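Take a look at the structure below.
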Amino acid sequence: MSGFKSDFLRVLDERGFIHQISDPAGLDEAAAKGPISGYIGFDATATSLHAGSLIQIMMLHWMQQTGHHPIALMGGGTSMIGDPSFKDEARKMLTLEDIERNLVGIRKAFSRYLDFDGSAKMLNNADWLTGLNYLGFLRDVGRHFSVNRMLSFDSVKLRLDREQSLSFLEFNYMILQAYDFVELNARHGTVLQMGGSDQWGNIVSGIDLGHRMRDVQLFALTSPLLTTSSGAKMGKTANGAVWLNGDLLSPYEFWQYWRNTEDADVERFLKLYTTLPLSDVARLAALGGSEINEAKKVLASEVTAMLHGREAAEQAAKTARATFEGGGAAEGLPTIEIPAAELAEGLGILNAFVRAGLAPSNGEARRQVKGGGLRVNDEVLTDERLTLTPDSLNAEGVVKLSLGRKKHVLLKAV
RNA sequence: GGGGAAGUGUCCCGAGCGGCAAAGGGGGCGGACUGUAAAUCCGCUGGCUAAGCCUUCGUAGGUUCGAGUCCUACCUUCCCCA
């Protein structure tokens, strides 16, 4: 697979981004000849993307770095309908304002990776999907799709095999995505769609549609579906998603997520999520035993610096050092504020842990006490009836609450 | 349109003769061991003003001292026939 002529594919290949390409030689040729336009689609269902999308964002980043024109396509049109696959939850129809707000939040993170003033664009498929005329769409686009063929795609087949319902709307998702590709080709000369390997079928459908409707040659490039070495999905933790936006997940917590990478993933992640030269990566990956912790710190700092800036990354690293290697209650840990009056009256310790977000309920906090998992100012908590008072404040004027060895929150009286 | 099967702890899979806060996995969390890792072992995995109380088995009713379990209707899904 090596030996690409274009910088673009060579970088992606060397760094492990490539799972499958529809026509490697053809795409390589096109990318070597001059700038090409390529895109990746993203959901607009939340105000922030999470770490699971980071690999896609990095692909766009490299695309721009190697002289091409990346497009981040927001699924504003499809988000308006709502994803029907989770029908247990009262499915909220996102309003235009919701989506607008989400796009603003997402754009903020994106702008750390892409230069939107330069050759990168952020587009919204609502611009062309909302105005579609059903009959016209069926005649122009629908006739090119074979249901027989669509049923044979793994993404569909799996659902059918598991005897799960597949709504007509979901079934159409593939068609809309294919249409997006062709529309982008018409509007911006886009010839490449990238995505996770689970998107392969959808992307190829777009390529087919391009052949039929516009007689153009389009390309697909997918990245490996990202899991950690032990099989967990990227971007999820107990506390929820690893959000990219700082207001949803602090730089410190983001840093911690990467710091806790499994040994076996360090090299892979350094290549995928940082822009460090491969020679540096190789050097760090060669570290064995406990020394690999140094590599993990570099990983965490680099990934955080790219998203939140160098300064925030260093602050996070410093906080971590103080917390884990110094034993103190460093500044920079997540902090919650408690009215001083409330503290004066005495605050139940279980309640305090719930307020700090370290336990979802008093019951859970109680369980953790029983299991020896909670600490107050670094002392293991044994009495669940303990009450916090102004006397509980430590020398720095805060109460440090800990769950396990890794999660710490400071309680501050105001 | 007709006939059959199914929906369980709001993360998932999945047992459940009328006494059930409901077996067992997976996942997750905590502890031990380590290196803020993996693997392994142990504990926990509805809520609360907690020897008690409250809410849970698709939805709504009914039978019963008592219903996840039986009856009725409805919703959803799957299979077969038309």
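All values reported here derive from a predicted model rather than from experimental measurement. In what follows, chains are A, B, ... by sequence order, proteins preceding strands, each numbered from 1.
Between A:Thr323 and B:U36, a side-chain N or O to OP1/OP2 separation shorter than 4.0 Å is absent. Taking 4.0 angstrom as the limit, A:Lys406 places none of its side-chain polar atoms (N or O) nearer than this to OP1 or OP2 of B:G35. Contact check, A:Lys407 against B:G30: a side-chain N or O comes under 4.0 Å of OP1 or OP2. Taking side-chain N and O atoms only, A:Arg367 has a distance below 4.0 Å to OP1 or OP2 of B:G47.
Remark: B:U76 base-pairs with B:A6; criterion is Watson-Crick or G-U wobble with both hydrogen-bond distances under 3.5 Å. Pairing for B:U40 is with B:A32, a Watson-Crick or G-U wobble pair whose two hydrogen-bonding atom distances lie under 3.5 Å. Applying the Watson-Crick and G-U wobble criteria (two distances, each under 3.5 Å), B:G66 pairs with nothing in any strand. Pairing partner, B:C20: none, since no Watson-Crick or wobble contact has both distances short of 3.5 Å.
Rounded to an integer number of Å, the gap from CD of A:Glu291 to P of B:G35 is 13 Å. Regarding A:Phe353, its CZ atom lies at a distance of 17 Å from the P atom of B:C29, rounded to whole Å. Rounded to a whole Å, the CG atom of A:Asp263 is 9 Å from the P atom of B:A37. Rounding to whole angstrom units, CZ of residue A:Arg268 and C1' of B:A38 are separated by 14 Å. Nucleotide B:U36 holds its P atom 20 Å from the CD atom of A:Glu253, rounded to whole Å. When rounded to the nearest whole Å, the span between CZ of A:Arg405 and P of B:G35 equals 10 Å. Here the C1' atom of nucleotide B:U34 and the CZ atom of A:Phe324 are 15 Å apart, to the nearest Å. Rounded to an integer number of Å, the gap from A:Glu384 CD to B:U49 P is 11 Å.
In this entry the base of B:C54 is anti relative to its sugar, with a glycosidic angle more than 90° from 0.
By the 6.0 Å contact criterion, NZ on A:Lys412 is open, its count of non-hydrogen atoms from other residues, nucleotides or ligands being 12 or less.
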I would like to know whether A:Asp208 and A:Arg149 meet salt bridge (charged side-chain N to carboxylate O under 4.0 Å, His left out); could you show each step before the answer? CA-CA 12 Å; A:Asp208 276 349; A:Arg149 178 112 197 284; 2.8 Å; yes
Test A:Tyr273 against A:Trp258 for ring-ring contact (aromatic ring centres under 6.0 Å, His included), laying out the working first. CA-CA 10 Å; A:Tyr273 296 112; A:Trp258 296 100; 4.8 Å; yes
Can you list the steps and then say if A:Glu342 with A:Arg355 is a salt bridge (charged side-chain N to carboxylate O under 4.0 Å, His left out)? CA-CA 13 Å; A:Glu342 204 171 333; A:Arg355 292 268 282 274; 2.9 Å; yes
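Of the candidate nucleotides B:U36, B:A38, B:C29, B:C29 has the atom lying nearest to any side-chain atom of A:Glu364. Closest to the A:Ser361 side chain, of the nucleotides B:G47, B:A50, B:U36, is B:G47.
Across B:G7 and B:C57, the matching C1' atoms stand 10 Å from one another, rounded to whole Å. A distance of about 45 Å separates the C1' atoms of B:C79 and B:U40, rounded to the whole Å. Going from the P atom of B:C12 to that of B:G28 covers 15 Å, rounded to whole Å. Taking the C1' atoms as reference points, B:C74 lies 48 Å from B:C42, given to the whole Å. The C1' atoms of B:G27 and B:C71 are separated by 38 Å, rounded to the nearest whole Å. A distance of about 28 Å separates the C1' atoms of B:C65 and B:G58, rounded to the whole Å. Distance noted for atom P between B:A15 and B:U63: 32 Å (whole Å). Remark: the separation of the C1' atoms in B:C70 and B:U64 is 10 Å, to the nearest Å.
Within 4.0 Å (heavy atoms only), A:Arg259 reaches at least one base atom of the nucleic acid. A:Ile292 comes within contact range of at least one nucleobase, with a heavy-atom separation under 4.0 Å. In this structure, A:Lys370 reaches neither bases nor backbone, as no heavy-atom distance under 4.0 Å exists between it and the strands shown. Here A:Gly404 lies in heavy-atom contact (under 4.0 Å) with sugar-phosphate atoms only.
If A:Arg366 and A:Gly289 are placed on RNA chain B by their nearest nucleotide, the residue sitting closer to the 5' end is A:Gly289. Remark on RNA chain B: of its neighbouring residues A:Val354 and A:Asn293, the 5'-side contact belongs to A:Asn293, judged by nearest-heavy-atom nucleotide.
A donor-acceptor contact shorter than 3.5 Å is absent between the side chain of A:His188 and the backbone of A:Thr190. A:Asn202 places no side-chain N or O within 3.5 Å of a backbone atom of A:Gln177 that could act as its donor or acceptor partner.
For the side chain to side chain contact (heavy atoms under 4.5 Å, CB included) with A:Leu401, the qualifying choice from A:Asn377, A:Leu411, A:Leu410 is A:Leu411, the only one to do so.
Among all heavy-atom pairs drawn from A:Leu27 and A:Phe219, the shortest one is N-CE2, 3.4 Å.
Judged by distance alone with a 3.5 Å cut-off, no donor-acceptor contact links the side chain of A:Asn362 to the base of B:G47.
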